[in-house]
Each structure stands twice: as structure tokens, then as C-alpha cells.
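Please read the structure below before turning to the comments.
Each chain gets a letter, A, B and so on, in the order its sequence line appears, and its residues count up from 1. Just so it is clear, the model here is predicted, and its values are computed rather than measured.
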Number of protein chains: 2
Amino acid sequence: MKTTDEVIDFVLYGGQRHLPHLTIDCAILGYHDQQLKILLVKLHGSDGWGLPGGFIRKDERFGDAANRILAERTGITDLFLQQFYTFGDSPYRHREQRAEDLQQLVGDWITIREDNWLLGRQISIGYYALVDYERVIVQTDLIVEDYGWWDIAALPELLYDHNDMVDKALETIRLQLYHQPIGASLLPDQFTLPEIHVLYETLLGKTLDRRNFPRKLFALGLLNKLDEQRSIGPHRSPNLYEFNRTNYQKALEEGIVLVM
Amino acid sequence: MKTTDEVIDFVLYGGQRHLPHLTIDCAILGYHDQQLKILLVKLHGSDGWGLPGGFIRKDERFGDAANRILAERTGITDLFLQQFYTFGDSPYRHREQRAEDLQQLVGDWITIREDNWLLGRQISIGYYALVDYERVIVQTDLIVEDYGWWDIAALPELLYDHNDMVDKALETIRLQLYHQPIGASLLPDQFTLPEIHVLYETLLGKTLDRRNFPRKLFALGLLNKLDEQRSIGPHRSPNLYEFNRTNYQKALEEGIVLVM
DNA sequence: CCAAAAGTGTTGGAATTACACCCATGG
DNA sequence: CCATGGGTGTAATTCCAACACTTTTGG
């Protein structure tokens, strides 16, 4: 939202266009510098960091809403996106804690009434997205004051129950990794074996044998070796690979069994 | 709900006590006659079958609500219960299709207004429950006209998008079966090897070797052999087993890796 | 020429599959 | 005694984990 009028309109009348009390929050994961990162935002009128999120329009499908929210924040579309859990139990999700935040957001322009559609218990459907870190360009506006990528291993205390949401997202991703290949969304089109190797180690939180690891991906036909190397300074140049789109898609749909 | 007054009060004023537009629907699975069964209900004023469900009270945790709904329907508490997905996209989940149902439910007593809290897009959080078929005693009332156990392999066309919900529940259970033992909730306290064997085959939809299958459960220490047999007519009496509660609980919490 | 990282094959052991015969029971 | 289903062990194979040396590169 770009203008104050837009914000005020949203706060006062957004309830006519959106499902009340129901939001989508996104755990947007990227990968950079051999670290798994998550995109956090800081809202105006709030002094903590949280997951980017938004409301669902009355006739909008959840997946479309999640994609829209993602596109609004990151500028990229068409990414790996998946619902993982719905949250609504935390005591933070109730009226009192948020009336003040809301008043701060709109400042002195208007007074938030008791029955404002944004107050009351908030339910949030969690989606996680895996994105290519390089392609993300975050927009700030009158709602989002600041944003940043945070190392997932060193998160601060987040707003509401967003730490729980991140934990649950990671747990889901780890389980999923054994049944679906999901590396393609986090990596650029071309990557080296050490890169994808460290990615999997980071996601699973354990070390994987350097020689055995790629064998399993090759056995599933997921990788194509390219006739190109990446130059990485005074060391041997690692070969570049890409995902085999056909087999990758098939694996996504039919599932795989990876033991690592 | 037992009285007409209660029903009318709920339809007119339930919105003051419940989260609007948000329901919990439960896929309640049981196991009987070597078939996986699901508990379906038929509501007054509706001529199709669907999953049992209910609304969430304003200050009620989701899990508590799901447990309450389950207890109201099946009479049992303390069962394996887990959220699996949130649904809200189906075109069936909109106003037009349901205003008539609602009017039929309350009959001529009152007229449903356009802005009734029960109308509008309905979101449903799906929970699945695994129950011991024998212990379930279903209650009918003024809302639930009829109920029944249906073989999961031969479901009729259900209300709204409930077929999708069942599919998603089963998919989740199958995945979970590889990482957590969930047989205990579906079986009576004591059971035979052939019983749990067929259960797993039914859940996974594939045949499992009769000799290798129990070996894997024994290897995990999940089963205790009892000094008792079940008499099954003119055949050799199969031995009875029970789950080893300690190891079962540990496996639930820490996860296992089953390859079958 | 050196330091640092990439690449690559083999082997021993563990795990998994496949498979068939005997036993117990009640009618 | 017979029909039916339950119980059990082993051998062959496959799969997996462990491991170290050589190559490439830029400075």
C-alpha cells in the first residue's frame, strides 16, 4: 500500500473485501552463503520482526492469495509454495495485544473502534515458499517498514507465534525432502555438486557423505551434468549441473524415497 | 443439540460464541472386518453424507475443539488426532449452495436472513482421528440425522469437497505411517499379527511380506508377545500381541524410519 | 610450487528380499 | 482326518556406508 488513504481505507473497510480473522503467513526460505535464510519483515507501528503475510480476498483461493502475497513482497511469481499448517491457538492471537499495534500503524488519523474487523482472534494459514535468493527484490511500503534475510539458525524472537510457525515449516520441509525433491526452488538454474550438497546438509541438519550423496540423486535421474565449470578462485573448478526437468517433475508428482 | 430451541438459538446467535466461517471437520477412521472405515454423518435437511464437523468457540483451541467435536460424535476421548490441511477453495464452499440447506434444517420456524453468520464462504480445518472401531457409539440429534461407517474403498460422493478432504487425510496418514507408528489407535489393546499385518496393507495399499513385516516392528521393539491366543474357529489360534507402550511413545515422539 | 577444494571407485558388512514347509485347530 | 490359516528360518542379493588418493586451479 502506497498512500495513507489506502491504509485507512483498508483498516476501516477492508473487512468488506477480505475474509475476516483469517490471514496467510509465509515462511519464505532462500539459500545464500551456504546458509538457509528466511525473509522477515518489520511493520510500521511494531517493533518486532515477523513473517510476511496478508489477508485473503473473499473470492480468492488460498493458493492464489499466498502467491499474491509472495509476489507483493518478493516480486517473484511461480515458485514452490505449500500450505503446511493452520495456527490459531497462541494467546498472542487475541484482541488485546493487537489493538495497540493497529492504533500505532494508523497513527492519529483515525481511532480504532472496538469492533474493528482487524481485531479479535486471528487465524493464520501457514505457507512456505522456497525461492532463489538472488531473484528476490523486496518492496517496502506504508505497511512494511523494513525487511531482511535472517539466518535460520539465528532467529530473533518473532512477533506473535511466528517462531512456532517457522519451526513447523522447517519440520515439514525436512520430512518432505525425503519424499519429494525440492532443491530446484532454492538453487539457481545451474549449480555445482558442493552447492547442492551443502544445501541438503543445511536443510537436514546433518552431514552427508560427499561421495554417496550425489550418487543417490543420479540414481533417481534428477541431475544433468553440464559441459561447463564454475570458476571459484585458486581451486579446482567444480562442474555445473542442472535438474533434469522431466524426472524432477515426475519425482514431485509420484514421490520418491530418499534415505540419507 | 437436543431441542429445537437450541438449534434456533445456534442458527441465530451462534456467531456470538463461535468463530464465524471457520469449522473443523474430522476424518474419523476405524478398522473393522479387515477394512478401513470412515465415520460419515447425514444432516437433517441435507440428503448427502459428509464428514462430522463443528464450529470453534471463540476462546477454544483448535485441538480442544476437534476433541470436543469428536467426543460429541463418537463418545470417546483421548484419541489420536491430528490437523492435516485447511480447505477453503472449493466452489461448494460458498453462499448459494448452503442457504437452502440451512433453511431446510430449521424448517419453517424461522427465516434465514442474507447476513446470517452461517452463510458465506466456509473454511474448514481438517483433522483426522484414528479410533478403535469397537469403542465408538454415535449419537444422533437434531442436527445429525444418521451416521454410519463406510468402507474407505467404496465411498459415495460426499457433500461439498469432503471427498478431497478424505483423500488428503489418507495421503497424510500414509506418509506419516513411515515416520510414526500409528497402529495402536486403530487396533484394540490386544491383536494378532495377521490383524496388524492387514491393517498396514490396507493403509498403505500394497501387500507386505507375511514374514518380513513383523520383523520390522519387532526390531523397533514396538510389540510385546502375550502368552495368550485368540480362537478363530477351525484353524490354528494366532498369538496375541500388544504394543510396548514405552517404545511406542518414544517412537511417536522421536520418529522412526520404516521402509516397507 | 603450494594450498585448497573437487573428483572419483571399491570393498565389507548390514539389511532386505524371496521363498516353502510344518503346525494347530474345530468341525 | 481334513481344510484352513498361522507360524517360522535361511540363503542370495542388494544396498549402503565407509574410506583416501589424485587432479585442478590461481596466486
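When ring centroids are compared, A:Tyr241 and A:Phe191 stay outside the 6.0 Å threshold.
Protein atom CZ of B:Arg230 is 11 Å distant from nucleotide atom P of D:dG7, rounded to whole Å. The NZ-P distance, from A:Lys206 to D:dA18, rounds to 11 Å in whole Å. Atom-to-atom, CD1 of B:Ile232 to C1' of C:dT25 comes out at 8 Å; the value is rounded to the nearest Å. Atom CD in B:Gln34 sits roughly 10 Å away from atom P in D:dG5 (whole-Å rounding). The CZ-P distance, from A:Phe213 to D:dC16, rounds to 15 Å in whole Å. In this structure, the CG atom of A:Asn212 is 12 Å from the C1' atom of C:dT10, given to the nearest Å. If you measure from atom CZ of B:Arg236 to atom P of D:dT8, you get 7 Å, rounded to the nearest angstrom. The nearest whole Å value for the distance from the NZ atom in B:Lys216 to the P atom in C:dA14 is 18 Å.
Between the side chain of A:Asn239 and the base of C:dA6 there is no donor-acceptor pair of N/O atoms closer than 3.5 Å. No N or O donor and acceptor, one from the side chain of A:His235 and one from the base of D:dT25, sit under 3.5 Å apart. No hydrogens or angles were tested; on distance alone, nothing pairs the side chain of B:Arg215 with the base of C:dA15 as donor and acceptor under 3.5 Å.
Comparing A:Tyr241 and B:Gly233, the nucleotide of DNA chain C nearest to each residue sits closer to the 5' end for A:Tyr241. Judged by closest nucleotide on DNA chain C, A:Pro234 is the one of A:Arg210 and A:Pro234 placed further toward the 5' end.
In terms of phosphate contacts, B:Lys225 brings no side-chain nitrogen or oxygen within less than 4.0 Å of OP1 or OP2 of D:dG7. For A:Ser231 and D:dG26, the shortest distance from a side-chain N or O to OP1 or OP2 is below 4.0 Å.
Classification of the A:Tyr133-A:His32 ring pair by plane angle, with boundaries at 30° and 60°, yields parallel. Note on ring orientation: taking the six-membered ring where Trp is involved, the planes of A:Phe84 and A:Tyr128 are tilted (angle from 30° to 60°).
The residue A:Thr192 sits apart from the nucleic acid: no heavy atom pair falls under 4.0 Å.
Between D:dG6, C:dG7, C:dT8, one nucleotide has an atom nearer to the side chain of B:Pro194 than all others, and that is D:dG6. Comparing atom distances between the B:Arg211 side chain and each of D:dA20, D:dT8, D:dG26 picks out D:dT8 as nearest.
Between the side chains of A:Gln180 and A:Tyr248, no donor N or O sits under 3.5 Å from an acceptor N or O.
With a 4.5 Å cut-off on side-chain heavy atoms, B:Glu171 and B:Arg174 do not count as touching.
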